[in-house]
Amino acid sequence: MSAAEPPGDGDDQLLVVIDPVARRSDGESVRIAKDVLSAGARAKICLPDTPEEFARALSRRGARRPVVVGDDHALLRAVAQLHRERELAAGVLSLIPVGAAHALEVAHALGVPRGAVAAARTALDGAVRRLDLLVDDSDGVVLGRLRIPAPPPPPPGSGTPHAGVTAVWDTCRSLVTSLVRPAPVAATTNPGTHRLRIEADGVLLSDLDTPVRDLSVTSQGGGGLADVVVRTGSGEDVTVEAKAVTVSGADFRYRADIQTGGPVRTRTWTVRAGAWGLMLPGPASADATAGARW
């Protein structure tokens, strides 16, 4: 994160976009946030019912500074839209975290205060901090952590032997397969691993002949670098810092913050330094929120 900047001239106009999930899950916190924000600034309140209405409200914000009331999904939706509009760098977002605890982990890791009152006051009087963003080659965004975990085990019963004619056919097929080509090694000796080629800033970290149990790419918050950790099937960890990470191999899925992407066969993620601004507690408490905690 960069040094704190003043939020403005004290005469803010706010666009308060209240996610429908927040309204359903904790109406009292939503009401408190609206009261605090309306008392401290000229606030236009929007109550979208669908993702399309959410996007339309943001795109019509004009000179108003957007404040999102909702969980990590709502924050990611707002960041992704502003990134697609190429207006993310020019503005600043605020978040009032409302939702289930497991759906607020990204917000709290970024340093957004817990509680509607503290977060609303931060939206009014906090400081702008510029944060890094992971952007992939399909224009997807990651605020904090990307993971490619081990593939799930095969479903129960997938190895159950068949009976009758089907069993005879399976036996013949297995015999022919064993004569034509050897059985794949990964499936028998390294269950729960990927065969991936992983490069960081053009340097090869792992190739297809090395089983990989897990890959994590975590934004450092500021400075333009990400922490990359490759956990191999042998238990060895390969750790580097990088600006770009490319993964390729057989179809794989990935976890970007709280969303799942894929399957894809290749994807590159690049760190965009200081790509977006988030209102966080001001200089008096900057030490407590100086780095994301993933």
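Computed over heavy atoms, backbone and side chain alike; hydrogens, waters and symmetry mates excluded.
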If I take atom [atom1] from residue [X] and atom [atom2] from residue [Y], how far apart are they, to the nearest 0.5 angstrom?
X	Y	atom1	atom2	value
R267	S138	CZ	OG	3.5 Å
R130	W276	CZ	CH2	9.5 Å
I198	L215	CD1	CG	4.5 Å
L47	K34	CG	NZ	6.0 Å
S38	I45	OG	CD1	4.5 Å

Determine yes or no for a side-chain-to-main-chain donor-acceptor pair under 3.5 angstrom, with [X] supplying the side chain and [Y] the backbone.
X	Y	value
R23	I18	yes
D257	L143	yes
D207	T210	no
D71	A22	no
D19	A74	no
H194	P149	yes

For the residue pair [X] and [Y], establish whether any side-chain heavy-atom pair is separated by less than 4.5 Å.
X	Y	value
L110	L75	yes
R197	L208	yes
V217	R145	no

Are [Y] and [X] connected in a single hydrophobic cluster, I mean Ile/Leu/Val/Met/Phe/Trp/Tyr linked by side-chain heavy atoms less than 4.5 Å apart?
X	Y	answer
V141	L58	yes
V142	V230	yes
V264	L146	yes
V79	L15	yes
V112	V17	yes

| field | Residues R61 and E87 bridged, charged N to O under 4.0 Å | value | yes

Partner residues of [X] under the side chain to side chain contact (heavy atoms under 4.5 Å, CB included) criterion, sequence neighbours left out:
X	value
Q259	H73, L76
R84	A80, Q81, D139
V271	D132, L134, A226

| How would you list all residue pairs meeting side-chain hydrogen bond (donor to acceptor under 3.5 Å, both in side chains) that involve residues 92-104, not counting sequence neighbours? | R65-S94

| So L14 and L124, side chain to side chain contact (heavy atoms under 4.5 Å, CB included) or not? Walk me through it. | CA-CA 9 Å; L14 304 180; L124 294 170; 3.9 Å; yes

Looking only at non-hydrogen atoms, find the nearest pair between [X] and [Y] and report the distance.
X	Y	answer
T122	P281	CG2-N, 3.5 Å
L95	G70	CD1-O, 3.7 Å
A200	A242	CB-CB, 3.7 Å
P151	G192	CD-C, 3.8 Å
G99	L104	O-CD1, 3.5 Å
A244	T270	CB-OG1, 4.0 Å

Anything under 3.5 Å between a donor and an acceptor, one on a side chain of residues 245-253, the other on a protein residue two or more places apart or in another chain? List them.
{"residue": "T246", "atom": "OG1", "partner": "T268", "partner atom": "OG1", "Å": "2.8"}
{"residue": "D251", "atom": "OD1", "partner": "R265", "partner atom": "NE", "Å": "2.9"}
{"residue": "R253", "atom": "NH1", "partner": "G262", "partner atom": "O", "Å": "3.1"}

| Would R77 count as a cation-pi partner of F54, with NZ or CZ less than 6.0 Å from the six-membered ring centre and within 45° of the ring normal? | yes

| Any donor-acceptor N or O pair under 3.5 Å, side chains T260, R255 | yes

| query | Are S234 and T232 linked by a side-chain donor-acceptor pair shorter than 3.5 Å? | reply | yes

| said: side chain to side chain contact (heavy atoms under 4.5 Å, CB included) for V117 and I32? Distances and angles first, verdict last. | reply: CA-CA 7 Å; V117 173; I32 292 172; 3.5 Å; yes

| field | side chain to side chain contact (heavy atoms under 4.5 Å, CB included) evaluation trace for V203 with V240 | value | CA-CA 10 Å; V203 178; V240 299; over 6 Å; no

| task | Just grab all the salt bridge (charged side-chain N to carboxylate O under 4.0 Å, His left out) pairs involving residues 228-249, residues at least two apart or on different chains. | result | D214-R231, R231-D237

